[in-house]
Amino acid sequence: MEMSHLIDLNDYPVEWWNEIISLGEDIKKCPEKYDAACNGKIMATLFYEPSTRTQMSFQTAMLRLGGKFIGFDNPKVTSVAKGENLKDTSKVISSYADLLVIRHENAGAAKAAALTSECSVINAGDGGHLHPTQTLTDLLTLKIEKGRLDNMTIGVCGDLKNGRTVHSLCKAMCKYSNNKFVLISSEELRLPPYVKDFITANGSEFTEALSIDEVIGELDVLYMTRLQKERFDDKNELISLDNAYILDSEKLKKSKETLAVMHPLPRVDEITVDIDGDPRCLYFKQAKYGAYVRMALIIKVLENSRSAELLKGQTQRDIKCQNAKCITNHEHYLPGSFKGEEPLLVCEYCDEIADL
Ligand code: NCD
């Protein structure tokens, strides 16, 4: 059977994203039109990591489409606690369901699950790597609230190193014309090189800044993120959030009237709650729109209209990915697969450069 997986938005052309966004807009206007679109379908949510919005908005989406869901949000109460590997768990659950939605702490886990899944797989966040469905949410929000996805100066702020939402967002927004990025973070939390390279390779520009204050006036979008504490190996390295990366009413005063302040949520301390009512702050709308775009995505994925090739590179069993958090270093049966030419081989699961 032909299956379409959503592992990385960039596996698909921008037209496909735009179709999902347009469908999401239509669903927002007229949700009842779609209330039987997934009658008889079952979605399985496999959440190995905590989630509020992503999990519940997927479940809401499937219920509003007339489908049903099964799943877990605590792997400790499943056979994972007995040592079952990802391959077997996803193989079996995919034989019960029409769609797997998976969130996992390791980069590349959704791709790994898709290799053996009997149904379509959607990546609901793979470690500090990517979060394509949050990006679809962000695109729908910008489309509705700003009316465009191009010609913008986009500030992304916070833990750019470990924040998967930012990685996916930058990889998507550089595909729309004339978007520029301002990367606002401390030196330790800079955006990973592979994302910067992707931005540049797609003809977009970025600059780096060390505080919100110095750049807020030039931004059309300010995308805030929290410190991804759970992704720090050495908890002693955990830095406290510097005031330079906290958005408050004083800093907001310096922004354009039309600024869109976004945040994938959960917010911790990086946006003070007193500005929540400001019309520039879109994060609660953004969370709401997530359910519409996920309805659209479920419809499109179940149409099986297009299938993404999972491993395009050469398979190289003897080369190990250097990223300790890559799924291939946890699920050892997985075939290594790398893109590019030696010595610059890039792991196809997590996008890190291979150790040669
Ligand atoms: C994000 C995630 O899980 O990456 N949350 C979400 O899905 N909306 C952001 C975060 O946890 O910081």
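Val268 and Leu241 sit in two unconnected hydrophobic clusters of ILVMFWY residues. Membership requires side-chain heavy atoms under 4.5 Å apart, directly or through other members. Note on Leu265: it does not cluster hydrophobically with Met56, by side-chain heavy-atom contacts below 4.5 Å among ILVMFWY residues. Both Leu210 and Ile212 are assigned to one and the same hydrophobic cluster, defined by single-linkage of ILVMFWY side chains at heavy-atom distances under 4.5 Å.
With no hydrogens or angles considered, a side-chain donor-acceptor pair links Asp274 and Thr272 at under 3.5 Å. Between the side chains of Asn178 and Asp150, no donor-acceptor pair of N or O atoms lies under 3.5 Å. Judged purely by distance below 3.5 Å, without hydrogens or angles, the side chains of Thr141 and Gln286 never pair a donor atom with an acceptor atom. Judged purely by distance below 3.5 Å, without hydrogens or angles, the side chains of Tyr349 and Asn323 never pair a donor atom with an acceptor atom. Checking His263 against Glu270 by side-chain atom types alone, a donor-acceptor pair falls below 3.5 Å.
Under the 3.5 Å distance criterion, the side-chain polar atoms of Ser255 are left unmatched by any main-chain donor or acceptor of Gly217. No side-chain donor-acceptor contact under 3.5 Å links Gln55 to the backbone of Thr45. A side-chain donor-acceptor contact under 3.5 Å links Asp98 to the backbone of Ile42. Ser117 contributes no side-chain N or O that, together with a main-chain N or O of Ala113, makes up a donor-acceptor pair within less than 3.5 Å. Checking side-chain atoms of Lys312 against main-chain N and O of Phe338 turns up no donor-acceptor pair under 3.5 Å. At least one donor-acceptor pair under 3.5 Å links the side chain of Ser168 to the backbone N or O of His131. Remark: the backbone N or O of Lys91 is not paired with any side-chain donor or acceptor of Asp88 at under 3.5 angstrom. Remark: side-chain polar atoms of Asn106 are paired, donor with acceptor, to backbone N or O of Lys325 under 3.5 angstrom. For Thr165 (side chain) and Pro264 (main-chain N/O), no donor-acceptor pair under 3.5 Å exists by modelled atom type.
Across all non-hydrogen atoms, the minimal contact from Val92 to Ser95 is O-OG, 2.6 Å. Contact between Tyr12 and Ser4 at its shortest, heavy atoms only, is OH-CB, 3.6 Å. Closest approach of Thr116 and Ser90 over heavy atoms only: OG1-OG, 4.1 Å. Gly128 approaches Arg164 most closely through the heavy-atom pair C-CB, 3.8 Å. Nearest heavy-atom pair across Leu23 and Tyr34 is CD1-OH, 3.5 Å. Closest non-hydrogen pair, Asn179 versus Asn151, comes out as OD1-N, 3.1 Å.
Within the 4.5 Å cutoff, no side-chain heavy atoms of Thr207 are placed close to those of Leu183. At a threshold of 4.5 Å between non-hydrogen side-chain atoms, the residues Phe47 and Val101 count as touching. Val195 has its side chain within reach of Lys171: a pair of non-hydrogen atoms, C-beta onward, lies under 4.5 Å apart. Residues Cys321 and Thr328 have side chains in contact (heavy-atom distance under 4.5 Å, counting atoms from C-beta outward). Counting heavy atoms from C-beta on, the side chains of Cys119 and Leu100 come closer than 4.5 Å. Side-chain contact between His167 and Leu191 is present, with heavy atoms from C-beta onward closer than 4.5 Å. Contact of the Asp73 side chain with the Ser51 side chain is not registered, since no non-hydrogen atoms from C-beta on lie closer than 4.5 Å. Within the 4.5 Å cutoff, side-chain heavy atoms of Tyr333 are placed close to those of Leu86.
Between Lys300 and Glu19 there is a salt bridge, since a side-chain N of the basic residue sits under 4.0 Å from a carboxylate O of the acidic one. One finds no salt bridge joining Arg103 and Asp126 here, because no Lys/Arg side-chain nitrogen approaches an Asp/Glu carboxylate oxygen to under 4.0 Å.
Paired with Tyr223 under the rule side-chain contact (heavy atoms from CB on, under 4.5 Å), one option of Leu160, Val261, Val156, Leu142 passes, and it is Val156.
How far CG of Leu9 is from CG of Leu139: 7.0 Å, rounded to the nearest 0.5 Å. We find the OG1-CD1 distance between Thr89 and Ile93 to be 6.0 Å, quoted to the nearest 0.5 Å. Distance CG/Leu149 to CG/Asn18: 7.0 Å, rounded to 0.5 Å. For the atom pair Met62 CE and Ile298 CD1, the distance stands at 5.5 Å (nearest 0.5 Å). Going from atom CG of Leu334 over to atom CG of Leu115 covers 6.5 Å, rounded to the nearest 0.5 Å. Distance CZ/Phe198 to CG/Asn10: 3.5 Å, rounded to 0.5 Å.
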Inset, instruction - Decide salt bridge (Lys or Arg N to Asp or Glu O under 4.0 Å) for Lys161 and Glu188; before the verdict, give the C-alpha distance in whole Å, the side-chain angles of both, and the deciding distance to 0.1 Å. - result: CA-CA 8 Å; Lys161 179 178 178 200; Glu188 299 93 327; over 6 Å; no
Legend entry - Evaluation steps, salt bridge (Lys or Arg N to Asp or Glu O under 4.0 Å), between Lys28 and Glu25: CA-CA 5 Å; Lys28 177 177 179 281; Glu25 285 181 285; over 6 Å; no
Legend entry - Verdict with supporting geometry, Val182 and Ile154, side-chain contact (heavy atoms from CB on, under 4.5 Å): CA-CA 6 Å; Val182 184; Ile154 302 159; over 6 Å; no
Inset, instruction - Could you go through the side-chain contact (heavy atoms from CB on, under 4.5 Å) check for Thr258 and Lys146 one step at a time? - result: CA-CA 8 Å; Thr258 54; Lys146 290 203 71 85; 4.1 Å; yes
Legend entry - Verdict with reasoning, Ile122 to Ile102, per side-chain contact (heavy atoms from CB on, under 4.5 Å): CA-CA 6 Å; Ile122 293 178; Ile102 178 167; over 6 Å; no
Legend entry - CA sep, side-chain torsions, deciding dist, call: Arg148, Lys143, side-chain contact (heavy atoms from CB on, under 4.5 Å): CA-CA 5 Å; Arg148 68 181 198 279; Lys143 187 73 199 314; over 6 Å; no
Inset, instruction - May I have the step-by-step check of side-chain hydrogen bond (donor to acceptor under 3.5 Å, both in side chains) for Asp276 and Tyr283, ending in yes or no? - result: CA-CA 9 Å; Asp276 287 352; Tyr283 27 92; 2.7 Å; yes
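Within 6.0 Å of CZ in Arg53 there are more than 12 heavy atoms belonging to other residues, nucleotides or ligands.
The stretch residues 212-231 participates, sequence neighbours left out, in these salt bridge (Lys or Arg N to Asp or Glu O under 4.0 Å) pairs: Glu49-Arg231, Asp213-Lys254, Asp220-Lys256, Arg226-Glu230.
A cation-pi contact, defined as under 6.0 Å to the ring centre and within 45° of the axis, links Arg294 to Phe58.
The aromatic rings of His129 and Tyr194 sit tilted relative to each other, their planes meeting at an angle between 30° and 60°.
Here Phe72 pairs with Tyr48 under the ring-ring contact (aromatic ring centres under 6.0 Å, His included) rule; sequence neighbours left out.
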